[in-house]
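In what follows, a structure is listed as structure tokens, so that the remarks can point back to it.
Given the structure is predicted, the values throughout are model-derived calculations rather than measurements. When a ligand or atom number is given, it counts from 1 through the structure's own listing order.
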Amino acid sequence: MSEFETRAIHTAQHPDPLTGGVIPPIHMTTTHKQDGVGNLRKGYEYNRAANPTRTALQEALASLEGGRFGLSFSSGLAAEDAIIRAVMKPGDHVILANDMYGGSYRLFARVFKAWGIDFTIVNLNDSSALEASFVSGKTKMVWIETPSNPMMTIFDISAISATAHKHGAVAVVDNTFATPYLQRPLELGADIVLHSTTKYLGGHSDVLGGAVVLNDGELAKQIEFIQFAVGAVSSPFDAWLTHRSLKTLALRMDRHCFNGQAVANYLEARTDVISKVYYPGLESHPGHDLARKQMSGFGGMISMKFSGGKQAALKFCESTELFTLAESLGGVESLVNYPAEMTHASANGSPIEVDDDIVRLSVGVEHVSDIIADIAQALEKI
Ligand SMILES: *Cc1c(COP(=O)(O)O)cnc(C)c1O
């Protein structure tokens, strides 16, 4: 059972021993009968600590990322919170990239800053600027999101992780956009992989979740302790839905990549209305070669800059019919998002503010000709 697609379907999915049900039941229970005080069945005691449905998902997540330990959370941000609290304490310092998900930035800027954790924002690919950002004895973490949200910057996971290690810091990779099917950060030298499973791993815009995968047993224990002590676990039903979705991840990602490339090619040719397309699968993308090296496909996320500025961008967002105007991404259905006032509104006025002429597309798995026809008719309206 060594190949990705096979593990996605079979890891921790054994037929129910009681009934032979091919799909294991959802263990909707908060507590487990003990055979004498402290004599637990398979280690299960109370749902905040562990639940069999969640355990199964965690095994699958770890397997797909090629890591030893997997943890499933109630949201991507809950997973981030647990990582940050396990690795850092007040007085410590973290290095962030100059493009990242607005909610992650908000967590550092508006929550952890007040608890005494400082940050520096830098272009992580600029090795001398990165070197200069480490604060001796204080920098404990480098936060890498690649491809980044929403500007699709590709950051060099191997090089940045090596620099982090030289300074005794932990390299965290938010792998939400790529998924383990296209990119496996642990194999590239990162220490911790993080996901908003709400996006591609869940894949159907119907379940919120987060995941952490890592190899270091000590660190895994610390993150698991925060999860247990604070309680941001995924519910059995959410864990079950996410696990079910993993089974089609490879199929979905192949189609997202195919459709994404076709849409990016189309948009790049529309120089009459669009001045720039941000998609790592385009040869014009500055991170194209790096993406070819560290990813096995370019995914379904695309951003674009409108020559007509904010008005054109807004008009496009209001004119699509197949693309739904909504936050989030990574589902089977195509979504359009206006970062400056939606996903990245919390970054306005900050160093990672997104320009108001940028629109982000999450290209779904509908038929590519319907997707492009919808974009074409919306472009006619601007
Ligand atoms: C959505 C998202 C998150 C946050 O995840 P939630 O599940 O919404 O809490 C983190 N990182 C990236 C890249 C995201 O797109």
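- Between the E366 side chain and the S334 main chain, a donor and an acceptor come within less than 3.5 Å of each other.
- Using a 4.5 Å heavy-atom threshold, the side chains of F119 and I95 count as separate.
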With the criterion set at N/O pairs under 3.5 Å, what does the list of contacts between the protein and ligand 1 look like, atom names and distances included?
from, atom 1, to, atom 2, distance (Å)
ligand 1, 5 (O), S196, OG, 3.0
ligand 1, 7 (O), G76, N, 2.9
ligand 1, 7 (O), S196, OG, 2.8
ligand 1, 7 (O), T198, OG1, 2.7
ligand 1, 9 (O), G76, N, 3.1
ligand 1, 9 (O), L77, N, 2.9
ligand 1, 11 (N), D174, OD2, 2.6
ligand 1, 15 (O), N149, ND2, 3.4
ligand 1, 15 (O), K199, NZ, 2.8

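- Side chain of T179 to backbone of N175: no donor-acceptor contact under 3.5 angstrom is found.
- Ring centroids of Y105 and H344 are separated by 6.0 Å or more, keeping the two rings apart.
- In this pair, F112 and F108 present their aromatic rings tilted. The plane angle is within the 30 to 60° band.
- Every pair passing side-chain hydrogen bond (donor to acceptor under 3.5 Å, both in side chains) that includes a residue from residues 124-144 is listed here, sequence neighbours excluded: D92-K140, H93-T139, D126-S128, E131-K166, E131-H167.
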